[in-house]
Each structure stands twice: as C-alpha cells, then as structure tokens.
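Keep in mind that this is a model prediction, so the values were computed, not measured. Labels below follow one simple rule: chain letters A, B, ... track the order of the sequence lines, proteins then strands, and each chain is numbered from 1.
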2 protein chains.
Amino acid sequence: MDASAANSTRDKLIETAKELFLTKGVDRVGVREIATKAGINLSLMNYYFRSKEMLFEAIFEMLINEKALVLKQILDSDKPLEEKIRSYVYTYIDILIEDPLLVSFVLSAIHRNNEKIVNLKAIYNLYNTDSFVAQLKREADLGRIKPIEPEQFYVSMISLILFPFSIKPLIADRNRLDERAAKLFLVERKKTIYEMLIASIRF
Amino acid sequence: MDASAANSTRDKLIETAKELFLTKGVDRVGVREIATKAGINLSLMNYYFRSKEMLFEAIFEMLINEKALVLKQILDSDKPLEEKIRSYVYTYIDILIEDPLLVSFVLSAIHRNNEKIVNLKAIYNLYNTDSFVAQLKREADLGRIKPIEPEQFYVSMISLILFPFSIKPLIADRNRLDERAAKLFLVERKKTIYEMLIASIRF
DNA sequence: GTCTATAACGGGATAGAC
DNA sequence: GTCTATCCCGTTATAGAC
C-alpha cells in the first residue's frame, strides 16, 4: 500500500486508541479491542508501534503538545500579572471543558511512570514556571502584590483549575447535577478561581 | 485453625495488597504477585474475597474509612468558620503526608468506576458538605464573609489540599527537590492554603 | 472452616517467522 | 502486512490436607 493509506491506517489506530485510553483508562483497554474497533489486524499495531506502551507514549505526547503550547505562551507572555492569571485560568478551563478526561489521563500517566515521567518531553510544556515565577517575584519586590511563595502560588493555581475535573463524577453525584449542570459548575469555576487567586495577592 | 490465625492471614493478604495497590496501581498488580508476596496460596485469595475486584473494594473502604472519619467530624463540628477551615486543611495534609499515594489511589478508583463510584459507601464520608455549606451560607447572610458559592468554595478547598499530592513527582522534578524537600513543600502548603482561603472570604 | 496443590480456560501482550 | 507461537493474567474448578 502507498504512504497515504499507511498514514490513514496509522491515524485510525491512534484515533481509536486515544478515544479508548481516555474513556476506559490505558490499563483497562486491550490491544485486541483497539485493533477491532479500528478495523485493522492486531499485528499492525505491533508493526506501527512496537508495543502498547509505545502507542501510549505517542498518544500522550500528541495530546499534551496539542493543548499545552497555548498555555505555555500565555504563561511566558509579557501580559500584566492579573490579566495573565485571568487568561491562563479561562483558557485552561475552556480546554478541559472540551476534553474533561484529559486530567485523569495525565494523572494516571504520572502515577504509573513516577520517576520516568520526566522522560516524556511533553510534560515540559505543561509545567514550566520559570518566567511566571520571575514575574511574581518582581511584582512582590515592587510591593505591588503581597509577598508570596511563587511556586506555591502556581501549584495552587493549577490545583484549582485541574482537580475538579478529576472528580467530576463525584461532584455531579453529590450535588445531584446532570451532565449539563456539572459542565456549568466547572465553567463557573473560571470566575471563582480568578477571584480567589487575585484576592490572595492583592493588598 | 482458630479465628485469630484466620484473621491474621486475611490481614496479611489485605496488608500486602494495599501496599501493592497503592504503589503500582490496582490494574498493574497481578493476583499471583499479591499471593506470592503475602506468602500464601493463590486459591486463598479467592477463598476470602471472591475476586480481585472485591479485594479492591474491601481495601478501598478500609483505607478511606480509616482516614475520613476525623475529617468529617471537623467539617460537621460547631467550630467557628476560620478555625474549622484551619483545622480541616492542617489535619487533611497531615494525613496525606503520611500516605501520599492515597490521592492517586482514590482518583483512579473514581475514574475507573465512574458512575458506580457512588456505590462505594466510604465515599460518603469523604465528600459530604451539607453542614459546612450551611455554615458558609449563614456567615454570608450575616455579612461576616463575602458572598460566595459554598459548593465552589468547598471544591476549591479540597483541590488546594489534594491535587499537589497527585503531582508530587512532577513538583519534585520541576523544582529539583529530593524526597525530603518535596515533603517540606507539601507541608508548607498548610499555611499557604489556609491564607488563600481566608483571603477569599474576608472583607 | 482454613489451607495447599494443581490444572485448565479464555484472553491479553509481544516476538518472530512468513 | 499477516499468522502463529509463547508466555502472563484473572478466574474457576477439583481433590485433598489440617
């Protein structure tokens, strides 16, 4: 077969695996299931990727890099602090609303790989605080915001953004929300989070 | 054999499985590995619990109930608001410092079970906001704190507490912290979180 | 009632021959 | 690109020991 057909087979494989990995969790998806749903021969998976693990890594890099770039650009931009925080929070939540399972996917990858996680280059685009931390220090030195621990502040920010998505079923159940209402709850967090972060740095 | 011996075998099984589930993740532990490490016959696992899944459920209930009670008591107590928040944050983090893998364990359980998660009764002791939400409403009505969304506030509070533990390896790597320093970073969050929460409700 | 030994089934992951 | 062999896994069953 020619190259374009080969690519379309490969793409079909990735697309199918991505869907299954996100919904069921990597460890609960079988390679046969992926192959069947993608309509290809099982061995083709071993032909394109060498193992299920490498298929996962390819998908992980792809998924993260797709989303992380715009976030990194916001964090590294020269926007004024409060505007930057607002833009980061709102953009991040918009991304996650579209793909609510991303958080669980990444967290399970971190837990599974532990120290090896650093080897996944995509992570560097996701958690990269150098310029943001510098900006926070500068603002604090100038007395424009309260003196805070910059790294703690960043961790707090992403905690407020990301964690609720990983317990979405729990929140929905506890507040008796259907899918639509649960989504609304998460969207409303944009304002909640922004205000909480700002209140903690303003005099 | 007598009851105590039976219990000790059962306990050994639970203890071993708990350790492995926490470190490697439920889906990456084999029943044969558990049996071997516990020094018992594989058939015994099926004798005491009927399946790996039921062994998991037993351990899940045990682990959560062990820790959740004291947290629920704080949340349902009649402490003044700021003192309650302080006590909740500090106690929760103390618990997690001792068992940093608990967060990943629970999150993966939520993700795996999705809607079925509600069936795990232990969850009700972990996320139960009725009296806390009522207290927040009361304080807001009395004009003693800013008007806020109580459910959002609770979700923010647990996000700030829990999420950093689930990305501990990432935080450690990014800030070049060894185990001791990473632990210190998490301990220091007690004060950070408390201050952020209070700043967001005080006038 | 508690425990061991052993085997077998269906399915999954992967390597290598073709 | 495909087929096959091999090995690991969770589960079930059987037969028997203390």
Flag the pair B/Glu151 and A/Arg174 as a salt bridge only when some basic side-chain nitrogen lies within less than 4.0 angstrom of an acidic carboxylate oxygen.
-> no
- Query: Does the pair B/Arg202/B/Glu82 count as a salt bridge with the N-to-O cut at 4.0 Å?
  - Reply: yes
Checklist entry - In terms of ring plane angle, is the pair A/Phe60 and A/Phe105 parallel, tilted or perpendicular, where the classes change at 30° and 60°? => result tilted
From CG of B/Leu44 across to P of D/dG16 the rounded distance in Å is 19 Å
Whole-Å distance, B/Leu55 CG to D/dG10 C1', equals 13 Å
B/Leu42 atom CG is separated from C/dA7 atom P, nearest whole Å, by 14 Å
Has B/Tyr47 got a side-chain N or O lying under 4.0 Å from the OP1 or OP2 atom of C/dT4? no
Which of C/dT14, D/dT11, C/dA5 is nearest the side chain of B/Asn41? It is C/dA5
Atom CD of B/Glu53 and atom C1' of D/dT12 are separated, to the nearest Å, by 17 Å
The nucleotide from C/dG1, D/dC3, C/dA5 with an atom nearest the side chain of A/Ser43 is D/dC3
Any Lys/Arg nitrogen of B/Glu179 or B/Lys168 sitting under 4.0 Å from an Asp/Glu carboxylate oxygen of the other?
-> yes
Counting only side-chain N and O atoms of A/Asn46, is one of them less than 4.0 Å from OP1 or OP2 of C/dT14?
no
Side chain to side chain donor-acceptor pair (under 3.5 Å) pairs touching residues 155-167 of chain B, sequence neighbours excluded, are A/Arg189-B/Ser156
Problem set entry | Ring centres under 6.0 angstrom apart (B/Phe49, B/Phe56) | no
Whole-Å distance, A/Met54 CE to C/dA15 P, equals 10 Å
Atom OH of A/Tyr48 and atom P of C/dA15 are separated, to the nearest Å, by 18 Å
A/Met45 CE to C/dA13 P, in whole Å, measures 9 Å
What residues 26-40 of chain A contributes to the DNA chain C interface at heavy-atom separation below 4.0 Å is A/Val29, A/Gly30, A/Val31, A/Arg32
Separation of D/dG1 atom C1' from A/Leu13 atom CG, nearest Å, is 13 Å
Test: A/Glu83 and A/Arg86 ion pair at under 4.0 Å
no
